[in-house]
Amino acid sequence: DTKTHPPPAAFNVLIVAAAKARQPDLVARTFEEMKLNGISPSRETYETTLAAVSAGGLVDFALDVFSDMRKDGFAPRKTTYNSLLEACAKSSQPRVEQAFEIFHRMSEEGRIAPNARTFALLIDAASRAGLPRFAFDAFDAMRAAGVEVSLVTYNRLIRAAGGDGETTGAAALDASGGVKTARALLAEIVNNTQLEPDVYTYGSVLGTCAAAALAGDANAASVAKQTAGEMLAAGVPHNRATRHALIAALGRAGRWREALGEYTQMRQVVIQGAEAHDKAHLASEQFAEFGNPGRETYGVVFDALLSVGGAEAAIAAVALEPGGGEFFIRGPRAACARAVFRDGVEAGVFDDPKVRLNAASCDEGDAAPMRVNHNHLTRSEAVVATLFLLETFAENSSTPYSVGNTPPPAGLFIGEGPGTKGNAQRRTLAVESVLRAASVPCGTMEDPSAYVVGVTSSGLRAWIARSPAFRVLDLGDPELGKVLETYVAEETLAASS
């Protein structure tokens with residue numbers, strides 16, 4: 001056989017390079033090719049391969065490498081076992097029970113004592129799998145072994161108490177201890193250790209509160225407010241994630257005006273952050289640390305403002321209620337949501353419908369249809385974008401067939417996305433619900449390529465002609481609290497009459 005095989009050193013170099021480039025699949029292929037060429041890997045090669053494929057979550061391949069390593073007479077080290085645990089934790093479907101089997105084998109052998117990373121990986125695997133009881137089993141074993149518990153480990157445990165976030169049900173939170181456990185861990189950090197909670201500690205507690213509020217915990221929002229107060233008193237400022245969790249918890253408890261208050265504080269961060277750093281423009285990651293609004297902020301706030309179940313649930317509840325839809329879309333909650341959307345327009349996050357309206361409208365006889373694209377919006381954003389669009393149409397409509405003295409377009413078409421995507425269907429239903437709540441005649445056109453909600457020119461003009469202007473709120477108004485108090489009182493009086 002005259003075929004030349006690469007030397008062992010060449011495979012080692014390739015494996016190390018692929019590992020540094022974080023390409024676990026390439027590491028695995030190179031290792032397999034090395035074995036097929038009859039080359040026996042060294043301990044270093046085994047360890048490098050195992051670490052790389054484990055970091056990539058290739059748990060089955062990692063277990064095969066571990067088996068081959070032992071057959072070749074290399075006794076596993078602490079790093080070897082930790083790599084296997086990392087593979088279990090980072091697998092697309094975390095292997096919690098397998099991780100604990102590896103841990104018990106490591107303990108039974110008696111040669112290697114687990115370290116802080118060992119337990120952290122067990123906790124990670126349990127948390128990612130949504131099995132908090134395993135995470136707390138690992139925590140108990142960690143303390144029994146006398147291993148010092150780091151703040152990172154405490155933060156992981158608090159996140160485990162919150163389950164897997166938005167999809168966590170009441171039963172899962174009961175199993176993990178939910179808010180009670182998260183708060184107990186925070187108290188342990190403050191009272192029984194030399195550690196100081198950081199923004200991730202408080203953020204994990206707030207995230208648990210938000211998940212509990214969604215699951216129906218009536219006290220979760222109050223605990224979130226208390227936690228946020230303690231965080232600020234400790235000199236730890238909000239970042240974007242902590243503010244989002246607090247807003248979500250408040251909204252899910254029906255405390256929408258407090259949620260709006262948190263958002264209005266976020267609005268000030270851009271100016272304050274820029275001034276503090278003597279820069280007019282800062283990277284988005286820096287602003288996220290300051291806690292200013294980001295793209296995802298708007299959906300969180302819309303949901304908090306419109307109902308305990310979110311924007312989509314709010315509009316679905318009133319769309320078919322006689323008279324309820326018009327009452328809702330002109331109420332204080334919807335007015336606040338439209339004001340927040342206006343912020344998003346000014347920040348360049350959302351399209352300004354006035355631009356499209358001006359492009360579609362000219363002399364009445366030559367007006368073109370107005371086309372709006374919601375493909376890039378979440379369902380909550382699409383609901384509020386449609387409310388804002390209605391506000392734009394009704395703005396200053398003092399004469400028939402006019403929109404702020406601009407002739408209306410020859411119809412309206414709102415694109416919701418490809419018809420093959422479930423999200424497009426949900427967006428279509430949400431937008432239809434807004435229009436029906438406002439008594440705007442509309443229809444849906446659907447084909448394999450798109451869902452479109454349409455309003456005819458005559459239907460749009462008739463609605464504009466009979467629709468008074470919407471009430472517009474200024475979120476920068478120092479008297480906003482009093483304005484809202486009066487607005488809510490008026491709504492309550494109107495509802496009871």
Item to check | Heavy-atom check, side chain of Met266 versus side chain of Ile247, under 4.5 Å | outcome: yes

Checklist entry - How many angstroms lie between atom SG of Cys209 and atom CZ of Arg183, to the nearest 0.5 angstrom? => result 7.5 Å

Item to check | Summary of salt bridge (Lys or Arg N to Asp or Glu O under 4.0 Å) pairs that have at least one residue in residues 486-497, sequence neighbours excluded | outcome: Arg471-Glu490

Checklist entry - Judged by modelled atom types alone, do Tyr263 and Asp343 share a side-chain donor-acceptor pair under 3.5 Å? => result yes

Checklist entry - What's the verdict on side chain to side chain contact (heavy atoms under 4.5 Å, CB included) for Tyr487 and Leu473, showing C-alpha distance, side-chain angles and the deciding distance? => result CA-CA 10 Å; Tyr487 199 165; Leu473 296 176; 4.2 Å; yes

Next on the checklist: Give me the atom names and distance for the closest heavy-atom approach of Ala135 to Ala160.
Outcome noted: CB-CB, 4.1 Å

Checklist entry - Looking only at heavy atoms, which two atoms of Gly454 and Phe413 are closest? And how far apart? => result CA-CD2, 4.3 Å

Item to check | Summary of ring pair (Phe, Tyr, Trp, His ring centres under 6.0 Å) pairs that have at least one residue in residues 466-485, sequence neighbours excluded | outcome: none

Next on the checklist: Just to verify, what does Asp352 make a salt bridge (Lys or Arg N to Asp or Glu O under 4.0 Å) with, not counting sequence neighbours?
Outcome noted: none

Checklist entry - Hey, does Trp463 have a side-chain heavy atom less than 4.5 Å from the side chain of Phe393? => result yes

Checklist entry - Quick one: does Ser91's side chain have a donor or acceptor within less than 3.5 Å of a partner on Cys88's backbone? => result no

Next on the checklist: Going by side chain to side chain contact (heavy atoms under 4.5 Å, CB included), name the residues that satisfy it together with Glu296, two or more places apart in sequence or in a different chain.
Outcome noted: Arg240, His244

Checklist entry - Can Val345 and Phe388 be said to form a side chain to side chain contact (heavy atoms under 4.5 Å, CB included), step by step? => result CA-CA 10 Å; Val345 170; Phe388 190 77; 4.3 Å; yes

Item to check | Distance in Å, Phe139 CZ paired with Leu122 CG, rounded so as to fall on 0.5 Å steps | outcome: 13.5 Å

Item to check | Spacing of CZ belonging to Phe134 relative to CD belonging to Glu97, to within rounding of 0.5 Å | outcome: 5.0 Å

Checklist entry - Among all residues two or more places apart in sequence or in another chain, which pass the side-chain hydrogen bond (donor to acceptor under 3.5 Å, both in side chains) test with Thr201? => result Asn155, Asp198

Checklist outcome for this item: With sequence neighbours left out, the residues meeting side-chain hydrogen bond (donor to acceptor under 3.5 Å, both in side chains) with Lys225 are none

Checklist entry - Mind checking whether Val383 and Val431 have side chains closer than 4.5 Å, heavy atoms only? => result no

Checklist entry - Looking only at heavy atoms, which two atoms of Pro409 and Leu460 are closest? And how far apart? => result CG-CD2, 3.9 Å

Item to check | Listed partners of Ala62 passing side chain to side chain contact (heavy atoms under 4.5 Å, CB included), at least two apart | outcome: Leu50, Val53, Ser54, Leu84, Ala87

Next on the checklist: A side-chain contact here means heavy atoms from C-beta on lying under 4.5 Å apart; do Thr386 and His374 qualify?
Outcome noted: yes

Item to check | Short N-O contact, Arg342 and Glu346, less than 4.0 angstrom | outcome: no

Item to check | Side chain proximity check, Val355 to Asp351, heavy atoms < 4.5 angstrom | outcome: no

Checklist entry - Considering all heavy atoms of both residues, which atom of Ala55 and which atom of Lys90 are nearest to each other, and what is their separation? => result O-CD, 3.3 Å

Item to check | Full working for side chain to side chain contact (heavy atoms under 4.5 Å, CB included) between Val452 and Ile414 | outcome: CA-CA 5 Å; Val452 178; Ile414 306 175; 5.8 Å; no

Checklist entry - Going by distance alone, is a donor N or O of one side chain under 3.5 Å from an acceptor N or O of the other, for Tyr154 and Glu188? => result yes

Checklist entry - So do the side chains of Tyr202 and Thr227 get within less than 4.5 Å of each other, counting heavy atoms only? => result yes

Item to check | Partners meeting salt bridge (Lys or Arg N to Asp or Glu O under 4.0 Å) with Arg29 (sequence neighbours left out) | outcome: none

Item to check | Partner residues of Glu381 under the side chain to side chain contact (heavy atoms under 4.5 Å, CB included) criterion, sequence neighbours left out | outcome: Arg295, Phe302, Phe350, Leu377, Thr378

Checklist entry - Okay, side chain of Arg338, backbone of Ile329: is any donor-acceptor separation there less than 3.5 Å? => result yes

Next on the checklist: Give me the atom names and distance for the closest heavy-atom approach of Ser380 to Asp303.
Outcome noted: OG-OD1, 2.6 Å

Item to check | Under 3.5 Å donor-acceptor, Arg252 side chain and Ala213 backbone | outcome: no

Next on the checklist: Assess the residue pair Arg330 and Ser467 against the criterion (side-chain hydrogen bond (donor to acceptor under 3.5 Å, both in side chains)); give the C-alpha distance rounded to whole Å, side-chain angles, the decisive distance to 0.1 Å, and a yes or no.
Outcome noted: CA-CA 11 Å; Arg330 293 185 179 276; Ser467 181; 2.7 Å; yes

Next on the checklist: Looking at Arg255 and Glu262, is there a salt bridge between them, counting it only when a charged N and a carboxylate O are closer than 4.0 Å?
Outcome noted: no

Item to check | Min side-chain heavy-atom separation Phe327-Val318 under 4.5 Å | outcome: no

Checklist entry - By side-chain hydrogen bond (donor to acceptor under 3.5 Å, both in side chains), which residues pair with Glu312, not counting sequence neighbours? => result Arg379, Arg426

Item to check | Derivation of the side-chain hydrogen bond (donor to acceptor under 3.5 Å, both in side chains) call for Thr444 and Glu432 | outcome: CA-CA 8 Å; Thr444 302; Glu432 272 192 295; 2.8 Å; yes

Checklist outcome for this item: Hits for side-chain hydrogen bond (donor to acceptor under 3.5 Å, both in side chains) against Arg156, two or more places apart or cross-chain, chain-then-number order -> Asp124

Item to check | Approximate separation, where rounding is to 0.5 Å, of Leu480 CG and Leu484 CG | outcome: 4.5 Å

Checklist entry - Which distance, rounded to the nearest 0.5 Å, do you find between the CG of Leu412 and the CG of Leu390? => result 8.5 Å

Checklist entry - Which atom pair, heavy atoms only, marks the closest approach of Ala337 to Leu306? => result CB-CD2, 4.0 Å

Next on the checklist: Can you confirm whether more than 12 heavy atoms, excluding those of Arg22, are under 6.0 Å from its CZ atom?
Outcome noted: no

Checklist entry - What do the steps show when you test Arg257 against Cys336 for side chain to side chain contact (heavy atoms under 4.5 Å, CB included), and what is the final call? => result CA-CA 9 Å; Arg257 279 186 280 180; Cys336 289; over 6 Å; no

Item to check | Which residues share a side chain to side chain contact (heavy atoms under 4.5 Å, CB included) with Pro24, sequence neighbours left out | outcome: Leu58

Item to check | Electrostatic pair Lys482:Glu485 at N-O distance under 4.0 angstrom | outcome: no

Item to check | Side chain proximity check, Trp256 to Val301, heavy atoms < 4.5 angstrom | outcome: no

Next on the checklist: Could you measure the distance from the CG atom of Leu206 to the CD atom of Gln226? Nearest 0.5 Å is fine.
Outcome noted: 11.0 Å

